[in-house]
2 protein chains.
Amino acid sequence: MAEKPEEKQRQRAPSQRSLETRKRIFDSAEQVFAERGYEGASIRDIARLAGVQGALVHHHGGGKEELFFAVIARRADELAQLRLDALDVMKARAEPTLREVLACFIVPFFDKVLHAGPGWSAYGRLIAHVSSDERWRHIAETCFDPTAKVFLDEIHKVLPQASGEKIGTHFVFMVSSMLSICTSRWRIEGLSTGHTDADLIETLLAFCQAGFETAVSQAVCGDKGCRMGLG
Amino acid sequence: MAEKPEEKQRQRAPSQRSLETRKRIFDSAEQVFAERGYEGASIRDIARLAGVQGALVHHHGGGKEELFFAVIARRADELAQLRLDALDVMKARAEPTLREVLACFIVPFFDKVLHAGPGWSAYGRLIAHVSSDERWRHIAETCFDPTAKVFLDEIHKVLPQASGEKIGTHFVFMVSSMLSICTSRWRIEGLSTGHTDADLIETLLAFCQAGFETAVSQAVCGDKGCRMGLG
DNA sequence: GTCTATAATGAGATAGAC
DNA sequence: GTCTATCTCATTATAGAC
């Protein structure tokens with residue numbers, strides 16, 4: 001009875017080979033989707049990169065759109081857990097600062113995207129696609145929003161004077177800047193030069209922290225009298 | 001002889017009707033490219049929206065890629081001029097502040113994108129596509145970089161202590177945040193609520209100004225002792 | 001689970017009449 | 001300059017043999 005033979009239409013557990021094929025297909029899909037975007041990617045290219053026939057991609061992926069979602073969800077879950085774990089560790093020590101909260105969101109992301117191989121590197125560009133196209137709203141809501149909401153609350157605790165609207169807007173700015181490191185590094189290199197990964201992340205963190213701190217008042221460095229509007 | 005009949009292969013000036021058709025095609029292309037991205041857009045859809053035959057799109061646009069470029073260049077030139085004009089006006093009055101320099105970059109953009117009709121609104125999403133895909137590097141270099149370089153220099157004048165690398169990186173963060181208002185407004189609304197256009201731009205400006213000011217030293221608000229790293 | 005073969009559709013591009 | 005008609009190719013998806 002170890003196999004529950006009465007379970008309705010359940011096939012038996014997938015073979016080792018099947019699992020490996022499936023992983024190859026998902027990994028290939030990840031690369032191709034990241035490089036060319038959803039529309040630009042073709043099932044054929046994914047199949048070729050995986051070394052299988054196109055029909056197998058359908059069998060394991062269940063259609064292009066379903067495959068796209070599955071590829072993202074796979075890593076989104078893992079990353080969400082890492083972020084929440086980092087936050088828990090931080091909160092266990094003391095009341096976290098704004099910078100610490102932001103770091104719990106940003107650092108696990110780059111730990112993976114920059115240093116955990118081509119799959120994670122592709123994932124970074126992938127979620128940049130998702131975040132900038134309302135077509136993928138359901139993916140964002142399913143995969144990203146639960147974690148985002150936790151961090152929004154946490155930021156609100158550190159900046160109680162700030163309005164929820166400002167914090168939400170700043171959060172989107174932060175995510176955009178973060179993802180720009182994945183999608184627009186060529187622009188960064190084009191406009192300036194010579195960055196180490198660690199530099200970039202520190203720069204991002206400082207930039208976003210200072211930005212968030214403006215949510216508290218309109219003039220965080222107001223003494224300098226540098227707040228004239230335009231026109 | 002009013003027509004210079006000897007000019008090598010020059011046709012006569014395009015008719016009024018031709019110019020209107022061309023404009024309809026470009027406007028339609030702008031909408032379709034903005035909504036679906038380059039790969040997702042089809043010449044057929046552009047033709048249908050313009051109310052012409054597909055062959056005409058080729059005739060006026062000269063192929064999909066050429067059309068894409070032309071559609072962007074059309075408005076990029078105008079916007080670049082507006083930004084540089086704003087900067088000139090500002091500099092004529094006094095040595096501009098950081099906020100004023102950034103405003104000269106940001107405000108003309110949103111004046112157009114938010115308040116100058118659907119064409120400009122599409123343009124905002126369009127350049128977000130371009131900025132996040134290295135495939136369009138040549139468009140970015142041709143249409144955006146000259147103006148960007150002017151502003152980078154101007155920012156450097158206001159923040160002479162900051163390194164060029166940091167300013168370049170911050171500039172990319174700023175552009176990403178700016179474009180996120182075009183592409184990710186649905187995310188902003190999803191995570192918070194109730195923004196007027198003016199609010200958003202003011203929030204963006206304050207966010208970026210504070211971010212740029214961190215380029216001067218690692219700890220712009222350092223007295224608060226809020227700079228602990230993560231881990 | 002895997003593969004071959006193919007269906008069904010839509011893409012970008014162009015030749016040539018008007 | 002515009003349109004009809006068509007070429008050629010790539011796309012997703014599926015049916016069915018093994």
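Every chain is numbered from 1, with letters handed out A, B, ... down the list of sequences. Hydrogens, waters and symmetry mates are skipped; everything else that's a heavy atom, side chains included, is used.
Checked against side-chain hydrogen bond (donor to acceptor under 3.5 Å, both in side chains), A/Arg74 has the following partners two or more places apart in sequence or in another chain: A/Asp27, A/Glu30. In this structure, the salt bridge (Lys or Arg N to Asp or Glu O under 4.0 Å) partners of B/Glu134, at least two apart in sequence or on a different chain, are B/Arg137. Judged as a salt bridge (Lys or Arg N to Asp or Glu O under 4.0 Å), and not counting sequence neighbours, the contacts of A/Lys91 are A/Glu154. For A/Ser184, there are no side-chain hydrogen bond (donor to acceptor under 3.5 Å, both in side chains) partners at least two apart in sequence or on another chain. In this structure B/His58 satisfies the side-chain contact (heavy atoms from CB on, under 4.5 Å) test together with B/Ile43, sequence neighbours excluded.
Taking every heavy atom of residues 59-68 of chain A and every atom of DNA chain C, pairs under 4.0 Å involve A/His59, A/His60, by number. Heavy-atom distances under 4.0 Å link DNA chain D to B/Ser18, B/Thr21 of residues 18-31 of chain B, given in residue order.
Separation of the B/Trp136 and B/Phe69 ring centroids does not fall under the 6.0 Å cut-off.
Applying the salt bridge (Lys or Arg N to Asp or Glu O under 4.0 Å) definition to pairs two or more places apart or across chains, those involving residues 105-124 of chain A are A/Glu78-A/Lys112. Here salt bridge (Lys or Arg N to Asp or Glu O under 4.0 Å) pairs that include residues 58-71 of chain A, with residues two or more places apart or in two chains, are A/Glu65-A/Arg135. Sorted by first and then second residue, the salt bridge (Lys or Arg N to Asp or Glu O under 4.0 Å) pairs with a member in residues 174-190 of chain B read A/Asp145-B/Arg187, B/Arg185-B/Glu189, B/Arg185-B/Asp197; sequence neighbours excluded. Note on residues 116-128 of chain B: no pairs pass side chain to side chain donor-acceptor pair (under 3.5 Å), not counting sequence neighbours.
Within 4.0 Å of A/Ala41, counting heavy atoms only, lie sugar-phosphate atoms of the nucleic acid but no base atom.
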Polar atom pairs (N or O), protein with nucleotides 3-10 of chain D, under 3.5 Å:
from  : atom 1 : to      : atom 2 : distance (Å)
D/dT4 : OP2    : B/Gln53 : NE2    : 3.2

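Rounding to whole angstrom units, OH of residue B/Tyr38 and P of C/dA11 are separated by 14 Å. Atom C1' of nucleotide C/dA8 and atom NE2 of A/His58 are separated by 13 Å, given to the nearest angstrom. Rounded to an integer number of Å, the gap from CD1 of B/Ile43 to C1' of D/dT11 is 17 Å.
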